Number of protein chains: 2
Amino acid sequence: MNLRIPVSAPSKCDLCAIHHRSICGIADTPLQAELSRISHIRTFSAGETVLAESESAGIVGNVVSGVLRMVKTMADGRQQIVGLLLPSDMFGRVFADDSRFAVEAATDVTLCCFERAAFEHLLRHNRDLEHNILLSVLDELDAARDWMVLLGCQTVLERVATFMIILHRRVDNQGCSRVTDRGPPCVALPISRRDMATYLGTTVETISRTIQSMVRKGVIRIVDPRTFEIVKLDALIAMSGREEFRDYDSDPRDRPQPRSEAGRPHLSVLTGKSR
Amino acid sequence: MNLRIPVSAPSKCDLCAIHHRSICGIADTPLQAELSRISHIRTFSAGETVLAESESAGIVGNVVSGVLRMVKTMADGRQQIVGLLLPSDMFGRVFADDSRFAVEAATDVTLCCFERAAFEHLLRHNRDLEHNILLSVLDELDAARDWMVLLGCQTVLERVATFMIILHRRVDNQGCSRVTDRGPPCVALPISRRDMATYLGTTVETISRTIQSMVRKGVIRIVDPRTFEIVKLDALIAMSGREEFRDYDSDPRDRPQPRSEAGRPHLSVLTGKSR
DNA sequence: CGCTGCGTTGACGGCTATCAAAGAACGTGG
DNA sequence: CCACGTTCTTTGATAGCCGTCAACGCAGCG
């Protein structure tokens, strides 16, 4: 390796598990130093609120470990999860004073936080950073609209199947899913049944019944409540009602690449892409 | 008026009905000239496809008049409208080769189009333009997630009421809604029942029944199939199940301003803001 | 004048929410 | 180590919202 670049003291970020996948990994060296300077690590226990709905949201950041949920709660208590945030995803809302959605810890989480004002300052002075954020937000928008399709015109069975396939496609990403060598493909749910229901626009009871029906059909097998073995991937794909998954049924390595330039951060997890 | 600025020949854009509300109205003079240079007007009849799903989408632009719908069609024919685009809204997808959603004319439309490559070139060389686009996309993302809440956990009655209130709040905007002086407040539907159903995640029959039930309850009155008089705005707001509309029931002028910096283009219409 | 598209109304059935309760897993305290 | 409360998941019974199928009135149009 050619190390003619001046080597500074290793920053705290060099050990960060998501460094290479997050926005930090895209930044050039001076920007990395600046990001490192203004960042601070915080942890939250499952169930804690990171940013309240309508709160003046002073921080943004990356998920280092664990899962965040973005949730809107209606006056009568009904809830909808509008996004799950996994390691390397960004949370928070830049350029607005409140977030419209609460950000809560769905599991115990470790977060790398920036003061929003300081981060926006960096954005304003760093063309590439802002451009990459724009690309991420555009992908997020596509993903949100895709989820509107799921909520608006798919059955619960289709939603559950779609959710499982998306998790499965995140193989070699955040450990949501894993393929043991030559073993059966498994999907590890990162969240509870309740969160799954709130994300898929249904109830825990219906989620449970739907999963059990998939078991009875021999499509999946329950290893433990949070781990499923996919017995018939093609049948699962057929259940999802999504033609676009057809191409992915056999080998994960056959998947096409994401459509936009690779190697930038993504703000929310389930964008349906296989980065 | 002080006219010390050199006055060039009036460009075709000076007569544009949406000039002051679109991205063009934000641009500085040289950028306006450049936008004008690369723009061209196209028209489509109701039902025509502007950009097909998954097509290599070579153009972006603004709606000048009429309404566009962004729609996803599933393999079995089910459809979901993921966004309506009204005059001054932008359509198309920058920085990606295909659009994932079709863009269709919901009515006869006039569009101001840019070659996507040329527009992206401008974006890359104009900091402010890209920043404004980022702000717009962020608002779009909020709006899309808000629509996920509507589709995921609201009844059809609530969805219809919400839709009508949002249209009503666009008073003094695209003429979707109008308040005749001292007369009853009216909402003019810009789209057909079918599109309304496809946007709200339900069917024409259910839309029709829901509207009729609102009439029987004395909340609205049907002037003609595309025009409603709002008889009891407070009851309509209560029906929407949305606490956030409570503040707006009496006088439209009491409404708070949009949360982010004003005066930038918005890419899709129903962002729930009252610009 | 028939055709077509749009909006409405009726009958019916199914998917899914709701209410209720039991089993399983887990941590806590005795 | 065990009792116990809490949370999570599952299962059952029931009801209701809403999708589906069908038909009708109406307006626009060739």
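In what follows, every chain begins at residue 1, and chains take the letters A, B, ... in the order their sequences are listed. All values derive from a computational prediction rather than experimental measurement.
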J.: B/Asp195 and B/Thr198: side-chain donor and acceptor closer than 3.5 Å?
T.: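 No pair is found: no donor N or O on one side chain lies under 3.5 Å from an acceptor on the other.
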J.: For the residue pair B/Thr110 / B/Ser65, report whether a side-chain donor-acceptor contact shorter than 3.5 Å exists.
T.: yes
J.: Separation of A/Met214 atom CE from D/dT10 atom P, in whole Å?
T.: 13 Å
J.: Quiz question: by atom type and distance under 3.5 Å, do the side chains of B/Thr203 and B/Thr206 form a donor-acceptor pair?
T.: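 The answer is yes; a qualifying pair exists.
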J.: Nearest heavy atom decides the nucleotide; on that basis, is A/Val156 or A/Pro225 closer to the 5' end of DNA chain C?
T.: A/Val156
J.: For the pair made of CD1 in A/Ile207 and C1' in C/dA17, what is the distance, rounded to whole Å?
T.: 13 Å
J.: Name the nucleic acid region contacted by A/Ser208, choosing base, sugar-phosphate or nothing; use a 4.0 angstrom heavy-atom cut-off, strictly under.
T.: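 Base contact - A/Ser208 has a heavy atom under 4.0 Å of at least one base atom.
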J.: Regarding B/Arg78 and A/Gln154, is there a side-chain donor-to-acceptor distance under 3.5 Å anywhere?
T.: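 Absent: no donor and acceptor within the cut-off.
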J.: Report the distance from atom CZ of B/Arg216 to atom P of C/dT8, rounded to the nearest whole Å.
T.: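 It works out to 11 Å between those atoms.
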J.: Starting from C1' on D/dC24, measure out to CD on B/Glu205 and report it in whole angstrom.
T.: 13 Å
J.: What is the separation between atom CD on B/Gln212 and atom P on D/dC18, rounded to the nearest whole Å?
T.: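 From B/Gln212 CD to D/dC18 P: 16 Å.
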J.: Distance check needed: C/dA25 C1' versus A/Arg194 CZ, whole Å only.
T.: 17 Å
J.: Whole angstroms only, please: what is the CE-C1' distance between A/Met239 and C/dC15?
T.: 16 Å
J.: Choosing from D/dT11, C/dT9, C/dG7, which nucleotide comes nearest the side chain of B/Arg226?
T.: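 Among D/dT11, C/dT9, C/dG7, the one nearest the side chain of B/Arg226 is C/dG7.
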J.: Within the 3.5 Å criterion, strictly below it, is a donor on B/Glu158 or B/Ser240 matched to an acceptor on the partner's side chain?
T.: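 No donor-acceptor contact under 3.5 Å links the two side chains.
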J.: To the side chain of A/Arg209, which of D/dA13, D/dT9, D/dA22 is closest?
T.: D/dA13
J.: Base, sugar-phosphate, or nothing for B/Gly47, non-hydrogen atoms under 4.0 angstrom?
T.: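 No contact.
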J.: Can you measure B/Arg193 atom CZ to D/dC18 atom P for me and round it to whole angstrom units?
T.: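 Atom CZ in B/Arg193 sits about 17 Å away from atom P in D/dC18.
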J.: Would you mind telling me which of C/dT18, C/dT8, C/dG7 lies closest to the side-chain atoms of B/Ile222?
T.: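 My answer, after comparing the listed nucleotides, is C/dT8.
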J.: Could you please name the option among D/dT20, C/dA17, D/dT11 that lies closest to any side-chain atom of A/Thr206?
T.: C/dA17
J.: OP1 or OP2 of D/dC18 versus the side-chain N and O atoms of B/Thr202: is any pair under 4.0 Å?
T.: no
